[in-house]
K.L.:
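Take a look at this one; I'll ask things after.
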Number of protein chains: 2
Amino acid sequence: MRQGKKKATIYDLSVLSGCSASTVSAVLNGSWRKRRIKESTAQLIQGLAERHQYTANLQARGLRSSRSGLVGLLLPVHDNRYFSSMAQTFEAEVRSHGKCPIVVSACRDPEEERATVETLISYSIDELFIAGATDPDSIHTLCEAAGIRHINIDLPGTRAPSVISDNYEGARMLTSAIIEHFHSAEALKPKELFLFGGRNDHASRERIRGFRDTKIEMLGADADDCIQPTGYSPNMTQKAFEAFYEREGKLPRGLFINSSINFEGLLRFMGQHPHETFADIVVGCYDYDPFASFLPFPVLMIRQNTEGMLAKAFELMAETRPAPQIYLIQPELIMPRMALTGPLDDIKDIDG
Amino acid sequence: MRQGKKKATIYDLSVLSGCSASTVSAVLNGSWRKRRIKESTAQLIQGLAERHQYTANLQARGLRSSRSGLVGLLLPVHDNRYFSSMAQTFEAEVRSHGKCPIVVSACRDPEEERATVETLISYSIDELFIAGATDPDSIHTLCEAAGIRHINIDLPGTRAPSVISDNYEGARMLTSAIIEHFHSAEALKPKELFLFGGRNDHASRERIRGFRDTKIEMLGADADDCIQPTGYSPNMTQKAFEAFYEREGKLPRGLFINSSINFEGLLRFMGQHPHETFADIVVGCYDYDPFASFLPFPVLMIRQNTEGMLAKAFELMAETRPAPQIYLIQPELIMPRMALTGPLDDIKDIDG
DNA sequence: TTGAAAGCGCTAACAG
DNA sequence: CTGTTAGCGCTTTCAA
């Protein structure tokens with residue numbers, strides 16, 4: 001087959017086989033058994049299809065049947081371990097159902113999210129998984145108007161089923177682990193344990209709540225200025241650390257960092273200051289990263305169970321009419337110096 | 001507009017406006033100026049479209065015009081900083097051209113790659129960027145048969161333009177930086193500098209070549225067993241380190257790690273052994289990760305210029321008939337304790 | 001067991 | 001300046 005030659009259509013095969021286009025169509029989309037087409041004609045046509053490298057035009061099929069075979073995943077960003085591992089798991093799962101995964105990111109920008117979802121709808125995607133949307137409910141509205149099944153992940157909406165991490169419990173685990181880490185050394189005082197990062201979204205609010213409750217229970221107090229919400233921005237987080245350092249002449253001994261993105265802000269701060277500045281700190285990070293786990297100070301981390309969340313989400317998607325309620329998935333506390341496996345391990349072991 | 005109501009079509013607007021469907025179509029797809037349609041009719045129709053929340057059915061448009069507006073990026077994996085940052089940059093660039101980015105991964109599996117690309121072709125994607133394909137040339141064949149413009153990234157093909165990192169130069173920079181890092185301390189001997197990771201792909205071969213050449217130039221020798229190709233597998237890499245350690249009772253003082261994926265294998269090894277095992281090692285990693293940069297031993301890294309590579313790739317894609325040659329992009333040596341910015345920085349600074 | 005015919009929603013000549 | 005017409009490639013009744 002030389003370059004640019006037009007792709008074979010069912011009509012080409014119809015002529016070649018002497019059957020009608022509808023017969024060819026039925027054979028090639030798998031519905032031929034129930035259309036009671038003779039085994040021999042089916043085989044004839046399948047042979048021709050193979051020989052002529054026929055592949056269905058999925059746009060045409062989608063247009064006609066108003067189902068595209070596309071399944072979408074909306075992410076805040078690609079460039080992040082948590083979300084990219086979600087993408088990885090999502091792809092495998094969707095492929096295993098014989099559909100085509102579409103992963104897109106929208107930068108935590110409500111307007112971008114709307115536009116992106118509208119585009120996906122225009123391509124007639126069949127289902128949408130909405131991860132980390134800033135405004136799940138307005139996306140819900142879009143999807144519902146278009147009759148598209150959808151599930152929220154990571155950030156809850158009120159109008160569609162939502163599968164999210166138990167951020168409150170996770171924050172409690174992390175906070176108490178930080179505090180306990182000091183038990184052998186000089187015990188931590190309330191003014192020595194700070195939270196950096198996050199903003200006014202559901203996840204951050206829950207984590208802050210868990211942090212405060214646990215801190216008050218274990219240390220007896222928590223001052224408002226121990227919470228430094230900096231958004232999901234490395235830069236802002238760095239600035240917050242610089243400001244703190246300038247004011248206090250040192251860092252707090254106990255640090256609760258809201259996400260790996262904020263942790264990068266701490267790294268930027270570290271790049272500007274000598275080792276000694278971090279000699280006795282203990283960091284808890286609400287996100288897991290294997291490299292962070294081996295930094296030269298203790299780093300406790302929360303690993304969110306992305307696979308569990310997606311599994312639950314797919315399960316709900318398969319239900320006829322899932323309730324618009326919130327399903328909590330437990331995250332996991334990871335002690336320092338742990339290099340864990342990810343969704344790619346099975347694949348990559350083929351190598352070598 | 002209540003749930004499930006059918007989406008408005010150009011025919012609906014045609015009736016409402018009193019114009020023909022083709023006029024409506026022209027107005028709504030932007031070609032109305034050159035069809036010399038009256039400003040006032042255009043406005044009328046645009047108003048109606050807005051009011052009725054019209055959005056074009058992109059499958060229908062694509063079917064008719066045989067261009068879908070979809071632009072694909074084929075990746076080995078999502079779950080990796082290097083590739084996910086490529087995805088991030090790619091998305092922004094494609095969106096800025098008013099097209100729809102489709103990012104897919106194929107796990108470095110030639111069969112999966114073929115199947116994935118065939119699916120994309122079935123959806124009539126307009127252009128394909130092929131990053132890290134194990135067999136770019138066979139994908140080239142598919143694309144060419146379908147008349148789809150395509151560019152290789154990261155791993156070169158022989159039949160389409162290829163934009164890749166200068167792996168040889170990068171490896172030379174990294175190797176000599178590792179060696180020089182010992183100048184003040186006891187100088188490194190040839191048997192103390194090993195390369196771990198990679199396999200028989202173009203990038204690994206080039207890096208190994210750069211490593212050997214530089215090592216021989218600077219240290220006078222390089223034994224074959226100083227190269228330990230383990231594939232792109234954390235597990236295999238860990239095993240290679242365990243085997244080495246069992247044999248030698250320690251790690252080499254100088255380590256060239258082929259990629260962050262292999263570095264994770266070293267982390268897994270580290271998790272099983274005490275701090276002291278790594279007291280005097282220097283690691284060079286052919287990939288940049290901010291957390292790795294602050295580990296408790298010196299880590300030199302190569303940051304590949306994904307933005308530069310993509311920029312060049314888009315430039316080539318825009319050319320009428322780009323030559324099927326290889327374009328090398330220089331990577332950058334990153335010294336220890338550096339937390340650099342990524343493609344998301346501009347976005348995220350909105351936060352806070 | 002198969003074929004004919006209609007049409008999914010849109011675009012693109014061509015004709016006026 | 002605008003309407004008519006003919007499909008893009010496929011699915012899906014309905015009839016034979």
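To find a chain, count down the sequence lines: A is the first, B the second, and so on, and within it residues start at 1.
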K.L.:
To the nearest 10°, give me the bend of the helix from C/dT1-D/dA16 to C/dG16-D/dC1, comparing the axes of its five terminal pairs at either end.
P.N.:
40°
K.L.:
Is there a side-chain contact between A/Arg61 and A/Asn29 (heavy atoms, below 4.5 Å)?
P.N.:
yes
K.L.:
Heavy-atom count check: over 12 atoms from other residues, nucleotides or ligands less than 6.0 Å from A/Glu319 CD?
P.N.:
yes
K.L.:
On DNA chain C, which is the earliest and which the latest nucleotide, 5' to 3', with an atom closer than 4.0 Å to a heavy atom of chain A?
P.N.:
C/dT1 to C/dG9
K.L.:
Are B/Glu39 and B/Arg33 close enough for a salt bridge, meaning some N to O gap below 4.0 Å?
P.N.:
yes
K.L.:
Check every nucleotide of DNA chain D for an atom under 4.0 Å from a heavy-atom of chain A, then give the first and the last such nucleotide from 5' to 3'.
P.N.:
D/dG9 to D/dT12
K.L.:
Any heavy-atom pair between the side chains of A/Ile329 and A/Val163 that's under 4.5 Å?
P.N.:
yes
K.L.:
Check whether any side-chain heavy atom of A/Met86 lies under 4.5 Å from a side-chain heavy atom of A/Ile153, and answer yes or no.
P.N.:
yes
K.L.:
Return the 5'-most residue of the pair A/Ser40, A/Tyr11 with respect to DNA chain C, ranking by each residue's nearest nucleotide.
P.N.:
A/Ser40
K.L.:
To the nearest 0.5 angstrom, please state how far the CZ atom of A/Phe129 sits from the CZ atom of A/Phe314.
P.N.:
4.0 Å
K.L.:
Checking B/Thr55 against A/Glu118 for the side-chain hydrogen bond (donor to acceptor under 3.5 Å, both in side chains) test, could you report, in this order, the C-alpha distance in whole Å, the side-chain angles of both residues, the deciding distance, and whether it holds?
P.N.:
CA-CA 8 Å; B/Thr55 50; A/Glu118 276 184 342; over 6 Å; no
K.L.:
Check this for me: does any side-chain nitrogen of one of A/Glu112 and B/Arg95 sit under 4.0 Å from a carboxylate oxygen of the other?
P.N.:
yes
K.L.:
Do the side chains of B/Pro324 and B/Arg159 get nearer than 4.5 Å, heavy atoms only?
P.N.:
no
K.L.:
Is any side-chain heavy atom of B/Tyr123 less than 4.5 Å from a side-chain heavy atom of B/Ser68?
P.N.:
no
